Amino acid sequence: MPEEKENCTTLYESYDLPISLRDRLKRVDEIHRAITRAVGRIEYLKLSAMRAGSRPTPVRYGRGVERSRVEYAVLESDAERWGIGELQKELDELLQDIRPLVERLPAGVLRAVATQRILEGIPCGIISRRMHFSRCYVYRLLDQACERLCQMEEARLGLKKSGE
C-alpha cells in the first residue's frame with residue numbers, strides 16, 4: 001500500500017502536455033474566489049475579536065462554539081491558516097502568462113471586463129455596477145473575452161481547432 005502512494009501523481013504531473021489556457025483561467029477564478037472568502041473570514045474574525053474585547057466573557061460564535069479574545073487574535077493574525085500566501089504565489093505565476101494576452105485584447109468593453117475580473121479579481125456584481133450593465137451581460141462579456149483569449153493563445157502556439 002505505501003508503494004502505491006509513492007507512485008501516485010497529480011493530474012498535472014501525470015501528463016507532459018502544457019495546461020490549457022481555459023484551465024488556467026478557471027484556476028485563476030478559483031484562486032480569486034478562495035482569497036476573497038479567506039479575507040472576508042479574517043475580517044469577520046477581526047470584528048468578532050473587537051466585540052470580544054469589550055466584554056470579559058467569551059463571544060458566542062456560530063452554533064454554540066465559544067472562543068476567547070486571545071483565540072480570535074491568534075486566528076486574525078495567522079493568515080497562513082487559510083493559505084493566502086501560497087494562493088497569491090500561484091496566482092502571480094498564472095497571471096504572468098495571462099497578463100500579456102489580456103493586454104493584447106482590443107481596447108473596449110471586453111478588455112475592461114477581462115482586466116477587472118481576471119487580473120484584478122473584482123467580482124462580476126461589482127463590475128456590473130461600475131459599468132452600468134446587468135450581471136448577466138458581464139458574464140456574457142467575460143465568456144466572450146475568455147473565448148477570444150483562447151483563440152489568441154491557439155494562434156500564438158500555431159494550433160488549429162479540430163472543428164475548423
Side-chain angles (χ1 to χ4, degrees), residues 8-51 61-63 72-164:
C8 288
T9 57
T10 63
L11 177 65
Y12 298 121
E13 294 172 346
S14 62
Y15 300 103
D16 292 332
L17 299 173
I19 302 170
S20 73
L21 181 64
R22 197 172 306 280
D23 291 337
R24 287 182 281 174
L25 289 171
K26 285 180 186 176
R27 183 64 186 147
V28 165
D29 190 49
E30 290 170 2
I31 292 172
H32 280 308
R33 289 173 192 260
I35 288 174
T36 302
R37 278 193 306 270
V39 168
R41 182 81 176 126
I42 289 170
E43 290 300 317
Y44 177 78
L45 291 174
K46 281 182 185 178
L47 291 173
S48 298
M50 288 183 354
R51 280 197 317 252
Y61 173 75
R63 297 182 176 115
Y72 278 119
V74 168
L75 287 174
E76 177 265 323
S77 66
D78 191 13
E80 289 82 32
R81 291 180 73 120
W82 286 276
I84 293 175
E86 292 85 24
L87 287 174
Q88 191 64 46
K89 288 177 189 174
E90 184 181 353
L91 180 65
D92 292 341
E93 290 173 7
L94 288 169
L95 289 180
Q96 282 179 351
D97 297 333
I98 297 172
R99 185 177 311 277
L101 291 172
V102 172
E103 290 171 353
R104 282 193 351 220
L105 280 172
V109 179
L110 285 181
R111 184 177 182 179
V113 169
T115 300
Q116 291 181 49
R117 180 66 191 139
I118 296 170
L119 300 182
E120 298 172 12
I122 299 172
C124 288
I126 294 174
I127 295 171
S128 68
R129 276 184 257 135
R130 284 182 179 177
M131 299 181 79
H132 304 286
F133 293 143
S134 70
R135 189 180 296 181
C136 257
Y137 188 57
V138 170
Y139 279 113
R140 276 186 265 147
L141 289 171
L142 186 60
D143 286 341
Q144 290 174 11
C146 289
E147 188 62 37
R148 180 127 356 135
L149 289 173
C150 290
Q151 290 172 358
M152 291 167 57
E153 177 74 4
E154 288 173 358
R156 189 178 69 85
L157 295 175
L159 300 175
K160 293 184 179 178
K161 285 189 173 181
S162 60
E164 292 183 350

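Remember, predicted model here, so these are calculated numbers, not experimental data.
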Inset, instruction - Please name all residues satisfying salt bridge (charged side-chain N to carboxylate O under 4.0 Å, His left out) with Asp29, sequence neighbours left out, ordered by chain then number. - result: Arg33, Arg117
Legend entry - Separation of Ser20 OG from Glu154 CD (nearest 0.5 Å): 9.5 Å
Legend entry - Atom of Pro100, atom of Leu95 and distance for their closest heavy-atom approach: CD-O, 4.4 Å
Inset, instruction - State, to 0.1 Å, how close Arg111 and Pro106 come at their nearest heavy-atom pair, and which atoms those are. - result: CB-O, 3.4 Å
Legend entry - Nearest-0.5 Å distance, CD1 of residue Ile31 to CG of residue Asp92: 9.5 Å
Legend entry - Val109 and Phe133, any side-chain heavy atoms less than 4.5 Å apart: yes
Inset, instruction - Write down the atom of Arg27, the atom of Leu87, and the distance for their closest heavy-atom approach. - result: NH2-CD2, 4.0 Å
Legend entry - ring-ring contact (aromatic ring centres under 6.0 Å, His included) pairs, two or more places apart, involving residues 88-120: none
Legend entry - Atom pair CD (Glu153) and CG (Asp97), whose distance is rounded to the nearest 0.5 Å: 7.5 Å
Legend entry - Closest non-hydrogen atom pair, Met131 against Ala112: CE-CB, 4.0 Å
Legend entry - Residue pair Leu110 / Leu141: nearest heavy atoms and the distance that separates them: CD2-O, 3.2 Å
Inset, instruction - Give, for atom CD1 of Ile126 and atom CD of Glu120, the distance between the pair rounded to the nearest 0.5 Å. - result: 11.5 Å
Inset, instruction - Any chance you could lay out the side-chain contact (heavy atoms from CB on, under 4.5 Å) test for Met152 and Leu105, step after step, and finish with the verdict? - result: CA-CA 9 Å; Met152 291 167 57; Leu105 280 172; 3.9 Å; yes
Legend entry - Gap between atom CG of Leu119 and atom CD of Glu103 - 0.5 Å precision: 7.0 Å
Inset, instruction - List the atom of Leu91, the atom of His32, and the distance in Å for their closest heavy-atom pair. - result: CD2-CE1, 3.6 Å
Inset, instruction - Output the distance between atom CZ (Arg129) and atom CD1 (Ile122), rounded to the nearest 0.5 Å. - result: 11.5 Å
